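All of these numbers come straight from a predicted model, not from anything done at the bench. So that the names make sense, note that chain A is the first sequence line, chain B the second, and so on, each numbered from 1. Values below: all heavy atoms of this structure, side chains included; hydrogens, waters and symmetry mates excluded.
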Protein chains: 2
Amino acid sequence: MTSSPPATRVRKLPEERRAEIVRTAARIALEEGLERITLRRVADELGVRPGLIGHYFPAADDLVSEAFAFAAAGERDTLMPDAEAGLPPTARLAHFLVRVGGDDYVDLGRLWLNARHLSRFKPGLGAVVRAQETTTRNALAELIADGVRSGEFTAEDAMGAALHILVTVDGLGSYSNDDVPFDHPAVHDMALRTAERLLVLPPGTLRRSI
Amino acid sequence: MTSSPPATRVRKLPEERRAEIVRTAARIALEEGLERITLRRVADELGVRPGLIGHYFPAADDLVSEAFAFAAAGERDTLMPDAEAGLPPTARLAHFLVRVGGDDYVDLGRLWLNARHLSRFKPGLGAVVRAQETTTRNALAELIADGVRSGEFTAEDAMGAALHILVTVDGLGSYSNDDVPFDHPAVHDMALRTAERLLVLPPGTLRRSI
DNA sequence: TACCCCATTGGTCATGAGACCAATAGCAGC
DNA sequence: GCTGCTATTGGTCTCATGACCAATGGGGTA
């Protein structure tokens, strides 16, 4: 009955184990929140001992920061189709904004809210958050600049337009944890409509371009 | 040396003690965050024993919710001058948006970020957050409706405009914990300029009206 | 003045966190 | 095949939390 489990000790390559730990922590962060990332919790998920996680991350906060960076970078790649994909800027922007406004975004919106708050207490996480914000901001500004060059968008200041759009996206993301968000026509597609106004696109262009 | 402090036991009226506890917890929340509200911490501030706080708040979460409600309601009264103050809608709106965009708002912006995130784990707090959002939303919509009635503003949908303004305010509030916010003309007075556009006011009207 | 309610004390207990460390066992290189 | 490095184990220690409770004494009331 009280047979202790085999406890067969598996030794992996350090990089492999480390990647596995970060990936697991990122999944926990997305599903349950950054504060649920603990040495014990990650260890349980991987079927190893907590001490091992501590071996790779002597400061638990570093694991939290890295997990957020991993999750945010991975999700951004999903949200913003690369220019290499061959899509025109209008379609790329539309993809981004539609997904960001859609139901699938709730987890990621929550994660950003989570990280932005937690960075108040964890300076390391704050640095990562700001770095991720910079990357997203630059990617969006670049996308807009592409559109201006191709004549699809009209904007004097691509970075200014990107910032404005992101403020709207983050503002809407503030309500990620409201189980019953306030329903009003003004908030429907607010990010899409804001982008169309800023880039001088006829209303409905973005949603239609998908 | 080891003289134990007198431990003079002060007995206060329940309502008085309770109010004192909530007020102290709200101050801690504003200065250090809602998660710093603990029975021990509040007890230390008041010079009483932790058990006493537990007596008034058998569930610690309820103290957190009430502290947030107290802080948010109190700060809103400061931010949004009442109609009774005799100020015209334009000046009242300008006061609100200037303060919300100013440096004094960081603490409150952080608190809202804090509460919106924490409500993921504390349903009771979530209900309070939504109630406070509703109150703010209605107050702003009412202010805008006043302005439309007096002919100062032009808006078909006062609630829609209020929502749009609040999304912008909350979006900007997302960056409350960034020690070095990204500096760009587009974010300067974004809330003010958004309000002027929505309410069909000449640019600069709001800031000038103070 | 005496009584009694209940605000307040001062503990205990269980839980879960991170940090730390000596012992162990995979596994690659000699 | 042996040896040495180190990934991994399995503990321990300390700290903070919330919940719970019996005893105490302040102060209004009879």
Could you state the CG-C1' distance from Asp44(A) to dA17(C), rounded to the nearest angstrom? 13 Å

Take the protein atom CG of Leu46(B) and the nucleotide atom C1' of dA7(C), then report the distance between them rounded to whole Å. 14 Å

Measuring to OP1 and OP2 of dT8(C), would you say a side-chain N or O of His55(B) lies under 4.0 angstrom away? no

Within the supplied structure, the quantity of interest is the number of heavy atoms (other residues, nucleotides, ligands) at a distance under 6.0 Å from Asp77(B) CG; does it exceed 12? yes

When the distance from CG of Leu63(A) to C1' of dG18(C) is rounded to whole Å, what number comes out? 12 Å

Which listed nucleotide (dG18(C), dA19(D), dT9(D)) is nearest to the side chain of Ala60(B)? dA19(D)

In this structure, how many angstroms lie between the P atom of dC21(C) and the CD1 atom of Ile53(A), rounded? 19 Å

Would you call the rings of His184(A) and Phe182(A) parallel, tilted or perpendicular, where under 30° means parallel and over 60° means perpendicular? parallel

Within the 4.0 Å heavy-atom criterion, would you say Gly54(B) contacts the bases, only the backbone, or no part of the nucleic acid? nothing

Is Pro50(A) touching bases, backbone alone, or none of the nucleic acid, heavy atoms closer than 4.0 Å? nothing

What distance separates Arg116(A) CZ from Arg110(B) CZ, expressed to the nearest 0.5 Å? 14.5 Å

Just wondering, more than 12 heavy atoms not from Glu156(B) lying within 6.0 Å of its CD? no

Side chain of Arg49(A), base of dG11(D): donor and acceptor closer than 3.5 Å? no

Quick check on DNA chain D: between Leu13(B) and Arg36(B), whose nearest nucleotide comes earlier from the 5' end? Arg36(B)

Identify each atom pair where a protein N or O and an N or O of nucleotides 23-26 of chain C are less than 3.5 Å apart, giving names and distance.
from	atom 1	to	atom 2	distance (Å)
dT24(C)	O2	Arg9(A)	NH1	2.5
dA25(C)	O4'	Arg9(A)	NH1	3.4
dG26(C)	N2	Arg11(A)	NH1	3.3
dG26(C)	N2	Arg11(A)	NH2	2.9
dG26(C)	N3	Arg11(A)	NH1	3.0

Of Gly51(B) and Lys12(A), whose closest DNA chain D nucleotide lies nearer the 5' terminus? Lys12(A)

Distance, rounded to the nearest Å, where Phe121(B) contributes CZ and dT17(D) contributes C1': 16 Å

Does atom CG (Asp103(B)) have a neighbourhood of more than 12 heavy atoms from anything else shown, all under 6.0 Å? no

Using a heavy-atom cut-off of 4.0 Å across all strands, would you classify Arg40(A) as base, sugar-phosphate, or nothing? base

Just do the salt bridge (charged side-chain N to carboxylate O under 4.0 Å, His left out) check on Glu142(B) and Arg149(B) with the steps written out, would you? CA-CA 10 Å; Glu142(B) 190 53 41; Arg149(B) 273 190 290 272; 3.1 Å; yes

Choosing from dT9(C), dT9(D), dT8(C), which nucleotide comes nearest the side chain of Val48(B)? dT9(C)

How many Å lie between CG on Leu39(B) and P on dT12(C), as a whole number? 18 Å

Counting any heavy atom closer than 4.0 Å, what does Leu52(B) reach on the DNA or RNA strands: base, sugar-phosphate only, or nothing? base

Under-4.0 Å salt bridge between Glu66(A) and Arg18(A): yes

Are any of the side-chain heavy atoms of Leu79(B) and Thr136(B) separated by less than 4.5 Å? no

Spacing of Glu20(A) atom CD relative to dA7(D) atom P, expressed in whole Å: 14 Å

Report the distance from atom CZ of Arg41(B) to atom P of dG18(D), rounded to the nearest whole Å. 12 Å

